[in-house]
There are 2 protein chains.
Amino acid sequence: MIFLLLAVELVINLFDLKKVTILDIAKELNITFSTVARALNDHPAISAATKQSVRETAERLGYRPNKVASSLRSGKTKIIGILVPRLDVSFFSSVVHGVEGVMNENGYTILLYQSQESLKQENKGIETFLRSRVDGIIASISLETEVAGSYAEIRDRNIPLAFFDRVPPELNVPSVTIDDYRGGFMATEHLIASGYRRIVHINQYRNINIFNERLRGYLDALERYGIPVDERLIIRGDFSLEFGRQCVRDLLAEGIDFDAVFTLEDFTAMGVVQELKASGKRIPEEVGVVGFANEAFTSLVSPTISTVDQRTVEMGEEIARLFLKLLKKGDYYKHKPEKLVLEPKLLIRESSSRRHFPPSSGR
Amino acid sequence: MIFLLLAVELVINLFDLKKVTILDIAKELNITFSTVARALNDHPAISAATKQSVRETAERLGYRPNKVASSLRSGKTKIIGILVPRLDVSFFSSVVHGVEGVMNENGYTILLYQSQESLKQENKGIETFLRSRVDGIIASISLETEVAGSYAEIRDRNIPLAFFDRVPPELNVPSVTIDDYRGGFMATEHLIASGYRRIVHINQYRNINIFNERLRGYLDALERYGIPVDERLIIRGDFSLEFGRQCVRDLLAEGIDFDAVFTLEDFTAMGVVQELKASGKRIPEEVGVVGFANEAFTSLVSPTISTVDQRTVEMGEEIARLFLKLLKKGDYYKHKPEKLVLEPKLLIRESSSRRHFPPSSGR
DNA sequence: CTGAAAGCGCTAACAG
DNA sequence: CTGTTAGCGCTTTCAG
């Protein structure tokens, strides 16, 4: 008989495993479910004994608090939406890695969405986040996003919003970026200091703020050291390894004189290096190269490629921390938005390590 | 007067923007909220006219369906939990990229959790997913997970669960993996075919199935071609670039004869290449090298490194598709679990491209 | 074709 | 210290 009862209970348990609620715990202990709720939430006005027994039976019955229900009631989901262009780009996956780590320590979970660099997908992502009632949104805009349409609505709904790296221009919201201007300046200054004078800059054709800033840094560094700007040395295209190769081929074919190349990002720099090597140019003796992003391969290829590190994981951690501060305040849009700008790190490697010319000495 | 009314309405709208419900739409149209609900869900028994007007006022009022409420009621969240060791490893971020893409197309959103290779974090992630009432879980286990404890509970609760790449040994659940045995075999066979005979294999010390399989492939290839196994050529450690260098230093210091190295993964192979170059060994003439994973840098360094491609994005897409099939069935654990095994791709590059010795010709 | 009503599992105000 | 009660916003029967 006792065996039969046990067996029945076991079956019931297995069957109902996924629907154990605080009411079930309450019934077991002959108390009301609100007491159970309070005990589980460690409410101060509950006796230690009650808390203990509640926790035990919760454990025994395999109770899992239903976040959906508590979210509906409390209006807080403890979920943060993260919208990135794409996760198979190491820059973004590193940042998300950093964000998730910090958010997770603070009890938040990450809802992930990729815009695939498309404006339409981006808006779909925001719509999804809004419907999911996320407690906040962290985003980096797609290349297509020139005007931040859907983001305005997030602010109107008073949902915390912050950006990293790619920030929409007109929107006045918190953000974490690196100082792309400084990055461009440092890279160019370093090339000048190493004695290079005819410095090519490969940028891209879209009107993206961070990319324009790198260009501006390049231009200002030239000006600062009295080097004339030659428009033929400023090339715009769509960044890729192949485009880097193409640029070098074109420069050589057109007989344009140059002794260094500073590229928008590392894959382009890699293409430049490959094509220079193929053309018998010595790096860094004849041509210096500096990339941008500190992709893993830049320290492994030969010559190792000088580049500008964007401090990706830190960026993720900082945006998460900034965000947690935001969440504590009630009115996110009443305060002046905090804009954190990280200093990039210039990594000087073989591709630009020529003998030193002090910048002040001029030509 | 009319101006005042408009102003008041505007203020109210802005203020209530985030709390527009189906009830508000219903009031506007003098119908009941259940009609509104049906209209929004495109229920067949609602007139086209009603649907039209409901949709228009929904749009006008800035209505956003509350997924939290519908999830609570329907018991479905349309959210899939993804648990990966860490997102700053390109393998995992690529897979997640693939998964998100397919899931997103099918109306699911991704809740992301990183175990950071820790068993404790892994269990926290599962707990979070359970509490969030995700509709399913896709995971790749941490290196610490030798026994799949928490995963069993997921199955007991009849929540769809599937693994990719790192699959817990005892659990009989659906999975997508690549054929690591084949990968190990192909890499070794290729080295043998290229005339290498004293082939070192660098593996690692933990008892991880996929890594053991690569070793098994290595051993079987040797046996198949009648090459004796030399235990001194099988090295175990913790994989890293530095460990690869260390292994080569040790081999050379101990005067162990070898002419090729097949490593568990690419960073170790990179270390091997670096140290071989530093020791003046010619690659591939004196020593051949093959890695595993097809990291971006392997095709960019010199010599380019032969490796085994794991088809990461495909793996993500396949696991997502397999999962969608699972979700359609009611009883996920009644059927025999589908285990998809992808064929790895051997990529022969410079580091192992020596003159060809037909495998059958022997030594 | 539309309305009425119940309830998903929890939080929190109010009452003892 | 514990119980009562009223929803959160939606889905889904059951009636018309």
Side-chain angles (χ1 to χ4, degrees), chain A residues 16-55 57-58 61-79 107 128 130-135 157, chain B residues 16-55 57-58 61-79 107 128 130-135 157:
Chain A
D16 285 351
L17 201 54
K18 60 177 165 183
K19 2 180 182 168
V20 180
T21 74
I22 47 174
L23 196 65
D24 298 311
I25 300 174
K27 278 185 201 146
E28 284 270 317
L29 297 171
N30 280 319
I31 53 179
T32 54
F33 72 94
S34 59
T35 304
V36 174
R38 276 188 281 249
L40 290 171
N41 292 326
D42 208 23
H43 191 101
I46 295 286
S47 74
T50 311
K51 280 182 187 172
Q52 177 69 7
S53 57
V54 165
R55 274 198 266 265
T57 50
L61 298 181
Y63 169 74
R64 300 275 170 237
N66 187 331
K67 273 189 78 183
V68 178
S70 75
S71 295
L72 178 60
R73 182 59 234 246
S74 70
K76 296 269 158 262
T77 52
K78 284 283 191 174
I79 293 177
T128 305
L130 255 23
R131 294 181 176 206
S132 303
R133 299 297 192 265
V134 296
D135 286 349
R157 286 169 189 271
Chain B
D16 284 350
L17 201 54
K18 59 177 166 184
K19 0 179 183 165
V20 180
T21 74
I22 47 174
L23 197 64
D24 299 309
I25 300 174
K27 278 184 203 149
E28 284 270 316
L29 297 170
N30 280 318
I31 51 179
T32 53
F33 70 95
S34 55
T35 303
V36 174
R38 276 188 281 248
L40 290 171
N41 292 326
D42 208 23
H43 191 100
I46 295 287
S47 75
T50 312
K51 280 180 187 172
Q52 177 69 7
S53 57
V54 165
R55 275 197 266 263
T57 49
L61 298 180
Y63 169 74
R64 300 275 171 235
N66 188 331
K67 273 189 80 182
V68 179
S70 73
S71 295
L72 177 60
R73 182 57 235 250
S74 70
K76 295 272 159 260
T77 53
K78 285 283 192 172
I79 293 176
T128 304
L130 254 24
R131 293 181 176 207
S132 302
R133 300 295 192 266
V134 296
D135 285 350
R157 286 169 189 270

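Below, read A as the first sequence line, B as the second, and so on, with proteins coming before strands; counting in each chain starts at 1.
- In this structure, Lys67(A) NZ and Leu72(A) CG are separated by 14.0 Å, a value rounded to the nearest 0.5 Å.
- An OP1 or OP2 oxygen of dC1(C) is reached within less than 4.0 angstrom by no side-chain nitrogen or oxygen of Thr50(B).
- Residue Leu23(A) is classed as having no contact, given no heavy-atom separation below 4.0 Å to the nucleic acid.
- In this structure, Arg131(B) places its CZ atom 14 Å from C1' of dG9(C), rounding to the nearest Å.
- Between the P atom of dC8(C) and the CG atom of Asn66(A) lies a distance of 12 Å, rounded to the nearest Å.
- Comparing dG3(D), dG9(D), dC10(C) by their nearest atom to the side chain of Thr35(A) picks out dG3(D).
- To the nearest angstrom, C1' of dG3(C) lies 11 Å from CD1 of Ile31(B).
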Trace of the side chain to side chain contact (heavy atoms under 4.5 Å, CB included) decision for Ile25(B) with Val54(B)
CA-CA 7 Å; Ile25(B) 300 174; Val54(B) 165; 4.3 Å; yes

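- Lys67(A) places its NZ atom 13 Å from the P atom of dC10(C), with the value rounded to the nearest Å.
- Taking atom OH of Tyr63(A) as the reference point, atom C1' of dC10(C) lies 7 Å away to the nearest angstrom.
- With hydrogens and angles ignored, the 3.5 Å screen pairs no side-chain donor or acceptor of Ser132(A) with any backbone N or O of Val134(A).
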Nucleotides 11-16 of chain C: protein proximity per nucleotide (B base, S sugar-phosphate only, - neither; heavy atom, under 4.0 Å):
BBB---

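- Atom-to-atom distance recorded for Arg55(A):CZ and Thr50(A):OG1 is 10.5 Å, nearest 0.5 angstrom.
- Although no hydrogens or angles enter the test, the distance criterion places no donor-acceptor pair under 3.5 Å between the side chain of Lys78(B) and the main chain of Ser71(B).
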Step by step, would you call Tyr63(B) with Ile22(B) a side chain to side chain contact (heavy atoms under 4.5 Å, CB included)?
CA-CA 8 Å; Tyr63(B) 169 74; Ile22(B) 47 174; 3.5 Å; yes

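- Summary of the strand contacts: Arg64(A) and His43(B) both lie near DNA chain C, and taking for each the nucleotide with the nearest heavy atom, the more 5' one is attributed to His43(B).
- Checking the phosphate oxygens (OP1, OP2) of dG9(D), no side-chain nitrogen or oxygen of Thr21(B) falls inside 4.0 Å.
- Between the P atom of dG9(D) and the CD1 atom of Ile25(B) lies a distance of 13 Å, rounded to the nearest Å.
- Going from atom CG of Leu40(B) over to atom P of dT2(C) covers 13 Å, rounded to whole Å.
- The nearest whole Å value for the distance from the CG atom in Leu72(A) to the C1' atom in dA6(D) is 13 Å.
- Here Ser47(A) contributes atom OG and Gln52(A) contributes atom CD; the two are 10.5 Å apart, rounded to the nearest 0.5 Å.
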